[in-house]
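Working notes for the structure below.
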Amino acid sequence: MSVILETLGFFFGVIGSTMLGMTLFNANWRVSSVEGNVITTSTIYENLWMSCASDSTGVYNCREFPSLLALSGYLQASRALMISSLVFGFFSCLLGMIGLQCTKVAEDNPVLKGKLATAAGAISIFGGVCAGIAVSWYAFNITKDFFNPLYPGTKYEIGPALYLGWSGALLDIVGGSLLCCSYKTQVSAAKNKYTYNYQAPNTVISAKAAPQATLPRYESSNSICKYGKNAYV
């Protein structure tokens, strides 16, 4: 059972990290449509790195954000959290490959493999939490500006990249939890394997009296036999 949990947790973590990598470079974090006349419709979409605009004819133009310090605080924090999530995902996959029971690396030390699998699960959970915070914080700012009637700028809606990021973060957390639970299951199985009930044997020990040593014939109570009849003359 622990092998199945480890395998599922590892693949969930790999898929989740891959989805988070696709989310980071996806341009559709937030989308806004501006309708002009019947012919021309402009679509503006942004992510953590650049802002793009396209029209109905298929022509689009992208520009990167000019300055890091000029960005909003939540954008800078979202960048750091997403990059940290990918770094955590990389180390989680690396430790997971070593810690899986089905691999040949360090197969002579199952305790070490179990600890590595648990560490991979914990790192995967940290990565999923970081990505979830980044995506949720970004979505919160989108909805806050959208429902603010006094906001003077362009109002955006949640883009498809955020849904991809939420899915990847959830897979990372679930995969890390399965890896941590697999070590607990493995330890419990090992304990049950070596436990046994001991029952003392019902044997009756009969004590037999030891035979008394017979005195030699010359060690009798009659002292005359020892010295002869002329000893007292």
State, to 0.1 Å, how close Ala120 and Leu95 come at their nearest heavy-atom pair, and which atoms those are.
-> CB-CB, 3.8 Å
State whether the side chain of Ser32 and the backbone N or O of Lys155 hold a donor-acceptor pair below 3.5 Å, judged by distance alone.
-> yes
What class does the angle between the rings of Tyr138 and Trp29 fall in, given that below 30° is parallel, 30 to 60° is tilted and above 60° is perpendicular?
-> perpendicular
Approximate separation, where rounding is to 0.5 Å, of Leu81 CG and Leu86 CG | 11.5 Å
How is the hydrophobic cluster of Leu69 composed, in terms of its other members, when Ile, Leu, Val, Met, Phe, Trp and Tyr link through side-chain heavy atoms under 4.5 Å apart, directly or indirectly?
-> none
Flag side-chain contact, heavy atom, 4.5 Å: Tyr45 against Ser54 | yes
Interatomic distance, Cys52 atom SG to Glu64 atom CD [nearest 0.5 angstrom] | 9.5 Å
Verify the distance criterion only: is there a donor paired with an acceptor across the side chains of Trp166 and Ser136 at less than 3.5 Å?
-> yes
Output for pair (Ser177 OG, Asp172 CG), nearest 0.5 Å, gives 10.5 Å
Per side chain to side chain donor-acceptor pair (under 3.5 Å), Ser51 is matched among Glu46, Arg63, Arg30 by Glu46
Might you confirm whether atom OH of Tyr74 has over 12 heavy atoms from other residues, nucleotides or ligands at distances under 6.0 Å?
-> yes
Co-membership, hydrophobic cluster, residues Ile15 and Leu178, 4.5 Å side-chain | yes
Test side-chain contact (heavy atoms from CB on, under 4.5 Å) on Ile44 and Tyr156 and set out the steps.
-> CA-CA 9 Å; Ile44 303 173; Tyr156 293 89; 3.6 Å; yes
Can you name the closest pair of heavy atoms from Glu157 and Ile142 and give their distance?
-> C-CG2, 3.8 Å
Ile125 and Cys180: which non-hydrogen atoms are nearest, and at how many Å?
-> CD1-SG, 4.5 Å
What's the spacing between Cys93 SG and Phe10 CZ if we round to 0.5 Å?
-> 5.5 Å
Should Val129 and Phe126 be counted in the same cluster of Ile, Leu, Val, Met, Phe, Trp and Tyr side chains packed under 4.5 Å apart?
-> no
Does a side-chain heavy-atom distance below 4.5 Å link Leu20 with Leu24?
-> no
From Leu162 atom CG to Ser167 atom OG, the distance as rounded to the nearest 0.5 Å | 11.0 Å
NZ-CD1 distance between Lys115 and Ile98, expressed to the nearest 0.5 angstrom = 15.5 Å
Are Phe25 and Met82 co-members of a hydrophobic cluster defined by side-chain heavy atoms under 4.5 Å apart?
-> yes
Hydrophobic cluster identity match, Val135 and Ile133, side-chain contacts under 4.5 Å = no
Does any N or O in the side chain of Glu6 come within less than 3.5 Å of the main-chain N or O of Ala117, such that one atom is a donor and the other an acceptor?
-> no
Residues passing the side-chain contact (heavy atoms from CB on, under 4.5 Å) test with Asp145, sequence neighbours excluded, are Tyr151
Does Leu8 belong to the same Ile/Leu/Val/Met/Phe/Trp/Tyr cluster as Val14, with side-chain heavy atoms less than 4.5 Å apart forming each link?
-> no
Whether Asn47 side chain and Asn26 backbone form a donor-acceptor pair below 3.5 Å = yes
Please report the closest heavy-atom contact between Ala169 and Gly132, naming both atoms and the distance.
-> CB-N, 3.8 Å
For residues Ala139 and Ile158, report the shortest heavy-atom separation together with the two atoms involved.
-> CB-CD1, 4.2 Å
Using side-chain contact (heavy atoms from CB on, under 4.5 Å) as the criterion, list what pairs up with Leu68, not counting sequence neighbours.
-> Leu71, Gln76, Arg79
What pair of heavy atoms forms the shortest contact from Ser85 to Ala131, and how long is it?
-> OG-CB, 3.5 Å
Quick one: does Leu48's side chain get under 4.5 Å of Phe65's, heavy atoms only?
-> no
Under the 3.5 angstrom rule, does the side chain of Lys113 hit a backbone N or O of Leu100 as a donor-acceptor pair?
-> yes
